Student: 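This is the structure I have questions about; it appears just below.
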Amino acid sequence: MYAACSTTARRGALDWSKKFKAAIKPVMADLYESVANGTETQRSLDFNSAPDYRAKYEAELDELRNLEIWRAGKAVRSLRPENQGQEQK
(Lines give C-alpha, C1' and ligand atoms only; values in the text may rest on other atoms or scores of the structure.)
Protein backbone atom coordinates (compact mmCIF):
# COMPACT_ATOMS: atom_id res chain seq x y z
CA MET A 1 0.00 0.00 0.00
CA TYR A 2 2.79 2.43 0.87
CA ALA A 3 4.43 1.81 -2.49
CA ALA A 4 1.41 3.35 -4.24
CA CYS A 5 1.70 6.58 -2.22
CA SER A 6 3.71 9.69 -2.92
CA THR A 7 6.88 10.33 -0.96
CA THR A 8 5.01 13.08 0.87
CA ALA A 9 2.30 10.63 1.96
CA ARG A 10 4.94 8.10 2.98
CA ARG A 11 6.72 10.74 5.05
CA GLY A 12 3.43 11.60 6.73
CA ALA A 13 2.77 7.94 7.49
CA LEU A 14 6.20 7.59 9.06
CA ASP A 15 5.87 10.79 11.07
CA TRP A 16 2.33 10.23 12.33
CA SER A 17 1.93 6.45 12.60
CA LYS A 18 2.83 6.18 16.29
CA LYS A 19 0.44 9.00 17.23
CA PHE A 20 -2.40 7.45 15.23
CA LYS A 21 -1.72 4.03 16.72
CA ALA A 22 -1.89 5.48 20.23
CA ALA A 23 -5.05 7.42 19.41
CA ILE A 24 -6.96 4.49 17.95
CA LYS A 25 -5.77 1.84 20.41
CA PRO A 26 -8.69 2.41 22.87
CA VAL A 27 -11.19 2.46 20.01
CA MET A 28 -9.85 -0.82 18.63
CA ALA A 29 -9.95 -2.37 22.11
CA ASP A 30 -13.64 -1.41 22.40
CA LEU A 31 -14.31 -2.79 18.93
CA TYR A 32 -12.63 -6.11 19.65
CA GLU A 33 -14.48 -6.40 22.96
CA SER A 34 -17.84 -5.76 21.27
CA VAL A 35 -17.06 -8.51 18.75
CA ALA A 36 -15.87 -10.93 21.42
CA ASN A 37 -18.88 -10.44 23.69
CA GLY A 38 -21.43 -10.57 20.84
CA THR A 39 -22.61 -6.94 21.08
CA GLU A 40 -21.57 -6.18 17.50
CA THR A 41 -23.31 -9.27 16.12
CA GLN A 42 -26.49 -8.54 18.08
CA ARG A 43 -26.56 -4.95 16.81
CA SER A 44 -26.28 -6.18 13.23
CA LEU A 45 -29.01 -8.77 13.72
CA ASP A 46 -31.34 -6.26 15.37
CA PHE A 47 -30.70 -3.54 12.80
CA ASN A 48 -31.00 -5.83 9.77
CA SER A 49 -34.23 -7.36 11.10
CA ALA A 50 -36.08 -4.04 11.25
CA PRO A 51 -38.65 -3.57 8.48
CA ASP A 52 -37.20 -0.16 7.57
CA TYR A 53 -33.55 -1.18 7.80
CA ARG A 54 -32.81 -0.47 4.13
CA ALA A 55 -33.97 3.17 4.35
CA LYS A 56 -32.08 3.72 7.62
CA TYR A 57 -29.00 2.04 6.17
CA GLU A 58 -29.07 4.26 3.07
CA ALA A 59 -29.50 7.37 5.26
CA GLU A 60 -26.42 6.37 7.27
CA LEU A 61 -24.44 5.72 4.09
CA ASP A 62 -25.48 9.10 2.69
CA GLU A 63 -24.25 10.75 5.87
CA LEU A 64 -20.91 8.97 5.46
CA ARG A 65 -20.69 9.79 1.74
CA ASN A 66 -21.21 13.46 2.53
CA LEU A 67 -18.34 13.74 4.99
CA GLU A 68 -15.79 16.29 3.87
CA ILE A 69 -13.01 13.71 3.51
CA TRP A 70 -14.99 11.69 0.93
CA ARG A 71 -16.20 14.79 -0.93
CA ALA A 72 -12.61 16.05 -1.11
CA GLY A 73 -11.41 12.69 -2.39
CA LYS A 74 -14.06 12.69 -5.09
CA ALA A 75 -13.03 16.20 -6.15
CA VAL A 76 -9.34 15.28 -6.24
CA ARG A 77 -9.96 12.10 -8.23
CA SER A 78 -11.89 14.12 -10.81
CA LEU A 79 -8.72 16.17 -11.44
CA ARG A 80 -6.68 13.17 -12.51
CA PRO A 81 -5.85 13.28 -16.23
CA GLU A 82 -7.53 9.93 -16.88
CA ASN A 83 -10.75 11.24 -15.34
CA GLN A 84 -11.00 14.51 -17.23
CA GLY A 85 -14.44 14.76 -18.76
CA GLN A 86 -15.78 11.82 -16.75
CA GLU A 87 -18.25 12.03 -13.89
CA GLN A 88 -16.99 10.39 -10.67
CA LYS A 89 -19.16 8.05 -8.63
Side-chain angles (χ1 to χ4, degrees):
M1 186 167 144
Y2 292 114
C5 295
S6 67
T7 56
T8 303
R10 291 179 199 179
R11 181 74 261 156
L14 290 168
D15 293 346
W16 289 91
S17 65
K18 290 180 179 145
K19 290 181 182 185
F20 275 103
K21 183 178 179 179
I24 68 167
K25 190 172 183 175
V27 174
M28 296 305 291
D30 288 348
L31 170 62
Y32 286 126
E33 177 61 26
S34 72
V35 170
N37 69 23
T39 303
E40 194 68 24
T41 300
Q42 190 60 56
R43 174 165 160 57
S44 292
L45 292 171
D46 292 344
F47 183 86
N48 295 337
S49 297
D52 60 346
Y53 88 95
R54 179 71 69 182
K56 287 181 178 178
Y57 180 67
E58 283 302 319
E60 286 182 294
L61 286 176
D62 281 342
E63 185 178 331
L64 189 63
R65 287 182 194 112
N66 287 313
L67 289 174
E68 184 178 8
I69 189 170
W70 301 117
R71 288 184 290 124
K74 183 178 179 181
V76 169
R77 286 189 301 279
S78 74
L79 299 174
R80 292 178 180 162
E82 66 269 21
N83 294 330
Q84 294 300 304
Q86 297 178 9
E87 186 176 324
Q88 289 290 307
K89 296 181 181 179

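These numbers come from a predicted model, not from an experiment. Below, each value reflects all heavy atoms present in this structure, side chains not excepted, and no hydrogens, waters or symmetry copies.
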Student: Would you find more than 12 non-hydrogen atoms of other residues, nucleotides or ligands less than 6.0 Å from Glu82 atom CD?
Tutor: yes
Student: I'd like to check the side-chain contact (heavy atoms from CB on, under 4.5 Å) partners of Tyr53; sequence neighbours left out, ordered by chain and number.
Tutor: Phe47, Asn48, Ala50
Student: If two hydrophobic side chains count as joined below 4.5 Å and joins carry through other members, does Ile24 share a cluster with Leu31?
Tutor: yes
Student: Please round to the nearest 0.5 Å and tell me the distance separating atom CD of Gln42 and atom CG of Asn37.
Tutor: 11.0 Å
Student: With sequence neighbours excluded, give me every salt bridge (charged side-chain N to carboxylate O under 4.0 Å, His left out) pair touching residues 50-64.
Tutor: Asp52-Lys56, Glu58-Arg65, Asp62-Arg65
Student: Please check if the side chain of Arg77 supplies one atom and the backbone of Gly73 the other of a donor-acceptor pair under 3.5 Å.
Tutor: yes
Student: Can you list everything that forms a side-chain contact (heavy atoms from CB on, under 4.5 Å) with Ile69? Sequence neighbours excluded, please.
Tutor: Leu67
Student: To the nearest 0.5 Å, tell me how far Leu14 CG sits from Arg11 CZ.
Tutor: 4.5 Å
